[in-house]
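Per chain, numbering begins at 1; letters A, B, ... match sequence-line order. Both backbone and side-chain heavy atoms feed into the values below; hydrogens, waters and symmetry mates do not.
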Amino acid sequence: MRITTWNINSVRLRLAGLARVVEATRADVLCLQEIKVEDTGFPRAAVAAMGFPHMLVRGNKGYHGVAILSRVPLKPGPTRAWCGKEDGRHLAAKLKGGLEIHNFYVPAGGDEPDPRTNDKFAHKLAFLDEMTAWAKTLAPGRRILVGDLNVAPGENDVWSHKQLLDVVSHTPAETDRLRTLMTTAKWIDAVRHFVPEDERLYTWWSYRNRVWPGADRGRRLDHVWVTPPLAKKLVSAEVLREARGWSSPSDHVPVTVELAL
DNA sequence: ATGGTTGCATGGCAA
């Protein structure tokens with residue numbers, strides 16, 4: 001089974017890009033973030049025609065929003081109002097064999113990395129803390145967590161560790177929380193499972209400053225994690241870097257992990 | 001230090 005996560009940054013604007021991603025990744029399950037549309041406006045017919053008749057959608061008008069598209073049947077899994085908000089930042093799906101997939105879109109956090117002066121950053125930290133509390137409640141099982149976590153945890157997940165230590169997405173407050181979340185349910189980073197820690201790897205490049213592709217000032221914000229029972233099932237991991245160079249690109253590229261289930 | 005781009009919606013905010 002191939003599972004892909006992609007922050008599509010408007011599903012309606014990027015339907016052609018979605019078709020290209022489907023072809024390039026050969027995804028069986030495709031988790032989207034930032035669909036930027038209400039549930040009723042989601043392009044269900046077009047997505048079904050791409051080979052994904054099964055879909056879960058949790059959208060908002062204009063902002064946020066997540067979806068899980070699948071070639072195989074799935075049922076809605078447990079979710080909640082994270083941080084008491086109905087934001088469209090999480091969807092869960094249950095597949096055959098007791099497999100559970102969680103698709104997250106963690107708050108970006110704004111510009112100022114100070115929770116006292118920046119409500120968005122406070123929200124982001126609280127959201128990560130709540131994810132850790134949630135992870136503590138999980139029974140052992142076959143579980144996959146994917147999404148735009150908006151945190152680049154490792155030194156080689158950013159183009160300059162030193163220059164980004166005070167930049168939202170790579171501050172110790174965030175990277176410490178992500179590591180705590182990861183160890184809480186013994187999550188395994190399925191991408192770093194295949195790519196050595198000392199190798200630079202990015203999934204997002206800003207729209208600003210036209211830094212793509214020359215300067216390659218990227219960050220690894222998009223992740224696929226699995227629980228220990230799935231570790232030995234991991235086959236491969238791929239970052240579709242070239243998608244950043246497509247016409248009318250998202251600022252994020254798809255990340256795909258294959259499991260032998 | 002500042003400003004840089006994109007999407008939604010048509011203001012200015014979110015990212």
Side-chain angles (χ1 to χ4, degrees), chain A residues 5-21 31-43 46-47 57-67 82-90 103-115 117-128 146-153 157-160 162-171 173-175 178 202-223 241-255:
Chain A
T5 179
W6 187 32
N7 180 320
I8 192 171
N9 190 16
S10 171
V11 69
R12 290 175 295 174
L13 193 74
R14 240 172 293 286
L15 267 183
L18 182 61
R20 288 186 79 172
V21 164
C31 296
L32 300 177
Q33 303 87 34
E34 283 208 90
I35 58 174
K36 292 190 173 179
V37 68
E38 289 171 296
D39 295 6
T40 50
F42 193 83
V47 167
V57 180
R58 185 167 177 190
N60 292 103
K61 185 183 177 70
Y63 305 104
H64 314 320
V66 289
W82 296 86
C83 295
K85 299 172 190 285
E86 298 287 351
D87 262 354
R89 296 189 179 274
H90 176 238
N103 179 17
F104 280 98
Y105 174 50
V106 172
D111 291 329
E112 178 62 41
D114 184 345
T117 56
N118 175 5
D119 291 344
K120 291 179 199 160
F121 194 68
H123 179 209
K124 181 177 196 173
L125 299 185
F127 196 99
L128 291 168
V146 312
D148 176 4
L149 305 185
N150 265 317
V151 180
D157 294 334
V158 290
W159 62 274
S160 169
K162 283 185 180 173
Q163 290 186 69
L164 288 172
L165 273 171
D166 293 328
V167 174
V168 172
S169 73
H170 194 61
T171 66
E174 297 161 88
T175 56
L178 207 71
Y202 315 135
T203 65
W204 173 90
W205 295 260
S206 173
Y207 283 129
R208 304 179 198 183
N209 289 335
R210 305 184 184 281
V211 295
W212 169 270
D216 199 18
R217 294 186 171 186
R219 306 177 203 170
R220 191 169 74 104
L221 305 180
D222 304 273
H223 301 272
R241 185 183 159 93
E242 68 192 55
R244 187 61 179 82
W246 293 353
S247 64
S248 187
S250 168
D251 44 355
H252 296 252
V253 299
V255 180

K.L.:
Using the six-membered ring wherever Trp is involved, compare the ring planes of A/His90 and A/Trp82 and label them parallel, tilted or perpendicular (cut-offs 30° and 60°).
P.N.:
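The arrangement is perpendicular - the two ring planes meet at more than 60°.
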K.L.:
I need the NE2-P distance between A/His252 and B/dA15, as an integer number of Å.
P.N.:
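It works out to 10 Å between those atoms.
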K.L.:
Applying side chain to side chain contact (heavy atoms under 4.5 Å, CB included), can you list everything that pairs with A/Tyr63, at least two apart in sequence or on another chain?
P.N.:
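By the side chain to side chain contact (heavy atoms under 4.5 Å, CB included) rule, A/Tyr63 matches no residue at all.
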K.L.:
Please give, in whole Å, the distance from B/dA14 C1' to A/Asp251 CG?
P.N.:
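After rounding, the gap between these two atoms is 12 Å.
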K.L.:
On DNA chain B, compare the nucleotides closest to A/Tyr207 and A/Tyr105; which residue's is nearer the 5' end?
P.N.:
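Whichever sits nearer the 5' end wins; that is A/Tyr207.
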K.L.:
Would you mind reading off the distance between A/Asp111 atom CG and B/dG3 atom C1', rounded to a whole angstrom?
P.N.:
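It works out to 11 Å between those atoms.
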K.L.:
If you assign A/Ala108 and A/Ser206 each to the DNA chain B nucleotide with the nearest heavy atom, which residue ends up on the more 5' nucleotide?
P.N.:
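Taking each residue's closest nucleotide, the earlier one in sequence belongs to A/Ser206.
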K.L.:
Do any pairs count as a salt bridge (Lys or Arg N to Asp or Glu O under 4.0 Å) and have a residue in residues 7-20 of chain A, sequence neighbours left out, and if so which ones?
P.N.:
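The answer is none; no pair qualifies.
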K.L.:
For A/Ala126, what residues pass the side chain to side chain contact (heavy atoms under 4.5 Å, CB included) criterion, not counting sequence neighbours?
P.N.:
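Applying side chain to side chain contact (heavy atoms under 4.5 Å, CB included) to A/Ala126 gives A/Cys83.
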K.L.:
Under 4.0 Å between a side-chain N/O of A/Arg89 and OP1 or OP2 of B/dA15, yes or no?
P.N.:
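Result: yes.
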K.L.:
Does A/Arg217 qualify as a cation-pi partner of A/Trp159, given the criterion of NZ or CZ under 6.0 Å from the six-membered ring centre and within 45 degrees of its axis?
P.N.:
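Yes, A/Arg217 sits over the ring of A/Trp159.
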K.L.:
Output the rounded distance in Å from CZ (A/Arg208) to P (B/dA15).
P.N.:
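Rounding to the nearest Å, CZ of A/Arg208 and P of B/dA15 are 12 Å apart.
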K.L.:
Starting at the 5' end of nucleotides 8-13 of chain B, put B wherever the base has a protein heavy atom under 4.0 Å, S where only the sugar-phosphate does, and a dash everywhere else.
P.N.:
SS----
K.L.:
Applying ring-ring contact (aromatic ring centres under 6.0 Å, His included), can you list everything that pairs with A/Phe121, at least two apart in sequence or on another chain?
P.N.:
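So A/Phe121 forms no ring-ring contact (aromatic ring centres under 6.0 Å, His included) with any residue.
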K.L.:
Quick one: is A/His64 getting a side-chain N or O under 4.0 Å of the B/dA15 phosphate, OP1 or OP2?
P.N.:
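For A/His64, the contact criterion (side-chain N or O under 4.0 Å from OP1 or OP2 of B/dA15) is met.
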K.L.:
Expressed as a whole number of angstroms, how long is the span from A/His123:NE2 to B/dA14:C1'?
P.N.:
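Checked: the NE2 to C1' distance equals 13 Å.
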K.L.:
For B/dG7 and B/dG11, measure between their C1' atoms and round to the nearest Å.
P.N.:
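So the two C1' atoms sit 14 Å from each other.
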K.L.:
Please state the C1' separation for the pair B/dA14 and B/dT10 - nearest whole angstrom.
P.N.:
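It comes out at 16 Å once rounded to the nearest Å.
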K.L.:
What residues form a side chain to side chain contact (heavy atoms under 4.5 Å, CB included) with A/Asp114, not counting sequence neighbours?
P.N.:
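A/Asp114 satisfies side chain to side chain contact (heavy atoms under 4.5 Å, CB included) with A/Glu112, A/Arg116, A/Thr117 once adjacent residues are dropped.
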K.L.:
Can you measure A/Arg217 atom CZ to B/dG4 atom C1' for me and round it to whole angstrom units?
P.N.:
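Interatomic distance, CZ of A/Arg217 to C1' of B/dG4: 12 Å.
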K.L.:
Give me the distance, rounded to whole Å, that separates B/dG12 from B/dA1 when you measure between the P atoms they each carry.
P.N.:
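It comes out at 29 Å once rounded to the nearest Å.
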K.L.:
So, does A/Arg14 get its side chain near the phosphate of B/dG7, meaning an N or O under 4.0 Å from OP1 or OP2?
P.N.:
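For A/Arg14, the contact criterion (side-chain N or O under 4.0 Å from OP1 or OP2 of B/dG7) is met.
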K.L.:
Between A/Asp87 (CG) and B/dA14 (P), how many Å, whole number?
P.N.:
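From A/Asp87 CG to B/dA14 P: 11 Å.
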K.L.:
Tell me the interatomic distance from A/Asn7, atom CG, to B/dT6, atom P, rounded to whole angstroms.
P.N.:
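One finds 16 Å between P of B/dT6 and CG of A/Asn7, rounded.
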K.L.:
For atom P, what is the distance between B/dT5 and B/dA9, given to the nearest Å?
P.N.:
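After rounding to an integer number of Å, I get 22 Å for this pair.
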